[in-house]
Colleague: 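Below: one structure in structure tokens.
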Amino acid sequence: MTRRIVRTGVQLGVLAFIVMFIVFFLDNRYRVLPQSVHSHLPLHHEGLVITDITVQTCSTVNPLSKCMLDQKKWHRVEKDLYLNSGWVSKAYVHIKRKREEELTAGDKIIIDVRVGKLDPAIGEKAQADEKWESRPAGVWIKRSAKRHASDSKKSITAVDVLFGSDVEEPRTGWELVKGALLLDSGADNKDPKLSIRRGPAAKVEKPVPRIRKDGKFKIMQVSDLHLSTGVGACRDPEPKEHNGGHCDADTRTLDFVERLLDEEKPDMVVLSGDQVNGDTAPDVQSAIFKIAAVLVERKIPYAAIFGNHDDEGTLSRTAQMSLYESLPFSLSQAGPNTIDGVGNYFVEVLAHGNNKHSALTLYFLDTHSYSPDEAHYKGYDWIKPNQISWFQTTAQSLKDSHKHYTHIHLDMAFIHIPLPEYDPTDKPIVGTWKERITAPGFNTYFKDALVHQGIKAVSCGHDHVNDYCTMSKNEKSGEGELWMCYAGGSGFGGYGGYEGYHRRIRVFEIDANEARISTWKRLEYGDIAKRLDEQVIVDAGKVVPPQR
């Protein structure tokens, strides 16, 4: 009797398994299970999947022409494909998207996208047996109605638009669709391109910068890139006859940056403002992505602050910082929203190995843009009292933990607009002083706060053809208290033509074993292998005067 019960139980189990297998096998292709069942199945993609894409073009002179489709069905990517340069035309990408549990038997999931004049089934041998659907602007989509199409790693879950023949896509899980969207002529073509994400949004974890085994840590400060949407136009290129006189600003700028990244092999990069050239970057995102891509490709951590030109375009500082925060290898932070500015934060560089103690603290502050009181203080804005208070409180709160570090802890700061004390009159300098210092007219004495909290060096950008470091001294003792450095301008989209000026980038090398900070510059043209104006600015944790 017992054997019969066991045998019957096994037979029923096998039968149940076969039935479930057949049902789910059929459901995978024909979706035979009711929606109530699907709603309780696990979601492979939290969020949305894309079921359709189209491009809607409208005319600003035709009142019956609409740029917005039915908002209950379609989501519009808020970027005019003409970047507001069309005489009378605008065009937008629209997408249909649904949650996986809301999919019906009639829904199809987009699993691939192409852009071009020809049906991919004709133009690509590998796609000869596939069915592609045509959409406006040369968009072709391949969709699947299979039950688990939304579970597939091929399913498209997000769509974006980027611009420029030199555009890059640094986001994890995203890829650019080859070829620009095919728009009507009559406008300056900014090469709009689709970027698609497959699967769920990737989780981005911030890197942990750490002193190397040899005790060193190298920072490359890249300032005033002045990147555009598209390759951009060179300003003041030197020498003028280089490359037969042809100069694409962003191409030459990024070639320079990439060469130095490969030669210097920095442990971290600081983008110290004016990454974006406001008036030539109608799509700020595309400009930012170009510099981010070269850093992500090399897996180099980086931290960004803003200059006075970054937010002159379409994106606010808050929106731009959200982009930076979402990108791989970014250490950038918006900072507290209770004080002025966006991008007031610090980064701890930990000691070598599994040591959790900080060996170096880097402070980043927003120096804002233009003077809020032009009648009394012409020129540029200043670091606000609440920022200084935040800095002092933060620096003071970190001192106890820094005492546990077995060597001398070091501190540096980065800003964009120079402080009034950068004036090198009656101060020693190393480097070149070629233009008037455009510091704010109102002094909130942030320099004194830096000295009081033991910061040994601060470095800025902004004045492209100043590249010197100058040392301030204690009025009573005459000893050095703070080095104030310029990075020098690196980008060909910004000015730089004073007396044959060549673009440059500053490097700082920290030796944690010796509590030493050295710095030098590298040139884009000329003696490109030389460490220009190499000097030790801090030794044994103390500010030291020029050695020559």
Side-chain angles (χ1 to χ4, degrees), residues 208-222 260 263-270 272 300-301 303 331 346-353 355-364 395 398-399 401-415 427-431 447 450-460 467-474 477-488 504-522 530-548:
V208 179
R210 191 178 289 277
I211 301 295
R212 300 196 308 262
K213 185 177 181 180
D214 62 0
K216 295 183 178 181
F217 188 83
K218 186 183 288 187
I219 300 170
M220 180 181 290
Q221 182 188 358
V222 182
L260 286 197
E263 291 177 2
E264 292 285 352
K265 294 180 170 53
D267 301 290
M268 178 178 172
V269 167
V270 172
S272 57
I300 301 174
L331 296 164
F346 66 93
V347 170
E348 297 276 43
V349 179
L350 302 185
H352 170 66
N355 199 318
K356 295 182 179 180
H357 297 305
S358 168
L360 169 70
T361 302
L362 306 174
Y363 293 93
F364 302 89
L398 293 173
K399 289 188 184 299
S401 63
H402 292 168
K403 289 178 182 178
H404 297 290
Y405 179 52
T406 55
H407 294 61
I408 298 174
H409 187 276
L410 295 174
D411 300 88
M412 296 179 65
F414 292 90
I415 55 179
K427 296 189 189 83
I429 71 168
V430 177
K447 175 257 179 184
L450 290 171
V451 172
H452 182 70
Q453 296 300 332
I455 309 301
K456 304 304 179 186
V458 59
S459 196
C460 73
D467 74 350
Y468 63 81
C469 289
T470 184
M471 187 187 75
S472 71
K473 298 180 180 179
N474 183 283
S477 67
E479 295 181 351
E481 58 184 9
L482 177 71
W483 273 103
M484 297 173 284
C485 295
Y486 275 105
R504 58 204 62 199
I505 285 173
R506 180 172 289 279
V507 178
F508 292 95
E509 186 173 68
I510 293 86
D511 187 334
N513 294 333
E514 304 296 333
R516 179 182 298 140
I517 302 176
S518 305
T519 187
W520 61 87
K521 294 155 294 189
R522 297 285 302 276
K530 182 180 179 180
R531 291 184 171 186
L532 185 66
D533 297 323
E534 186 173 7
Q535 62 176 131
V536 175
I537 58 176
V538 176
D539 200 16
K542 295 182 178 181
V543 172
V544 295
Q547 291 80 49
R548 46 193 166 88

Colleague: Step by step, work out the side chain to side chain contact (heavy atoms under 4.5 Å, CB included) result for Thr519 and Gln535.
Modeller: CA-CA 6 Å; Thr519 187; Gln535 62 176 131; 3.7 Å; yes

Colleague: Using the salt bridge (charged side-chain N to carboxylate O under 4.0 Å, His left out) definition, which of the options Lys216, Lys218, Arg212 pairs with Asp267?
Modeller: Arg212

Colleague: Less than 4.5 Å apart, any side-chain heavy atom of Pro545 and any of Lys473?
Modeller: no

Colleague: Got a donor-acceptor contact below 3.5 angstrom from the Ser358 side chain to the Leu350 backbone?
Modeller: no

Colleague: Kindly give the heavy-atom pair with the smallest separation between Ser459 and Gln221, and that separation in Å.
Modeller: OG-OE1, 2.5 Å

Colleague: So Trp483 and Pro546, do their side chains get closer than 4.5 Å, heavy atoms only?
Modeller: yes

Colleague: Within a strict 4.5 Å, meaning less than it, do heavy atoms of the Ile219 and Phe414 side chains meet?
Modeller: yes

Colleague: For the pair Val543 and Glu479, evaluate side chain to side chain contact (heavy atoms under 4.5 Å, CB included) and give the outcome as yes or no after the intermediate values.
Modeller: CA-CA 8 Å; Val543 172; Glu479 295 181 351; over 6 Å; no

Colleague: Take Cys485 and Cys469, measure what disulfide bond (SG atoms under 2.5 Å apart) needs, and give me the verdict at the end.
Modeller: CA-CA 4 Å; Cys485 295; Cys469 289; 2.0 Å; yes

Colleague: If you look at every heavy atom in Asp539 and Glu514, which pair is closest and at what distance?
Modeller: OD1-O, 4.0 Å

Colleague: Locate the shortest heavy-atom distance separating Leu360 from Phe217; write the atom from each residue and the value.
Modeller: CD2-CD2, 4.2 Å

Colleague: In chain order, what residues pass the side chain to side chain donor-acceptor pair (under 3.5 Å) check against Ser472, with sequence neighbours excluded?
Modeller: Glu481

Colleague: Ignoring hydrogens, what is the shortest heavy-atom contact between Ala515 and Ile408? Give both atom names and the distance.
Modeller: CB-CB, 3.7 Å

Colleague: What is the minimum heavy-atom distance between Ala359 and Ile211, and which atoms define it?
Modeller: CB-CG1, 3.8 Å

Colleague: How many angstroms lie between CG in Leu532 and CD1 in Ile505, if you round to the nearest 0.5 Å?
Modeller: 13.0 Å

Colleague: Return yes if some donor-acceptor pair links the side-chain N/O of Arg210 with the main-chain N/O of Asn355 below 3.5 Å, else return no.
Modeller: yes

Colleague: Do side-chain atoms of Lys521 reach the backbone of Gly488 as a donor and acceptor pair under 3.5 angstrom?
Modeller: no

Colleague: Rounded to the nearest 0.5 Å, how far does CD of Glu264 lie from CD1 of Ile300?
Modeller: 11.0 Å

Colleague: Check step by step if side chain to side chain contact (heavy atoms under 4.5 Å, CB included) holds for Leu398 and Glu348.
Modeller: CA-CA 10 Å; Leu398 293 173; Glu348 297 276 43; 3.7 Å; yes

Colleague: Does the side chain of Ile537 come within less than 4.5 Å of Lys456's, by heavy atoms?
Modeller: no

Colleague: Quickly, which of Val270, Ile415, Leu331 forms a side-chain contact (heavy atoms from CB on, under 4.5 Å) with Phe364? Name it, please.
Modeller: Val270

Colleague: What is the distance from atom CE of Met484 to atom CE of Met471, rounded to the nearest 0.5 Å?
Modeller: 9.5 Å

Colleague: In terms of side-chain geometry, is the basic nitrogen of Arg522 or Glu263 positioned less than 4.0 Å from the acidic oxygen of its partner?
Modeller: yes

Colleague: Give, for atom CD of Glu509 and atom CZ of Arg516, the distance between the pair rounded to the nearest 0.5 Å.
Modeller: 10.0 Å

Colleague: So, taking the atom named OG1 in Thr361 and the one named NE2 in His402, what distance separates them when rounded to the nearest 0.5 Å?
Modeller: 3.0 Å

Colleague: Does atom NZ of Lys530 have more than 12 heavy-atom neighbours, drawn from other residues, nucleotides or ligands, at distances under 6.0 Å?
Modeller: no

Colleague: Testing the basics here: between Tyr363 and Ala395, what is the closest heavy-atom pair and its distance to 0.1 Å?
Modeller: OH-CA, 3.3 Å

Colleague: Would Lys399 and His409 count as a side chain to side chain contact (heavy atoms under 4.5 Å, CB included) here? Give the steps.
Modeller: CA-CA 9 Å; Lys399 289 188 184 299; His409 187 276; over 6 Å; no

Colleague: Measuring from Leu410:CG to Tyr405:OH, what's the distance to the nearest 0.5 Å?
Modeller: 7.5 Å

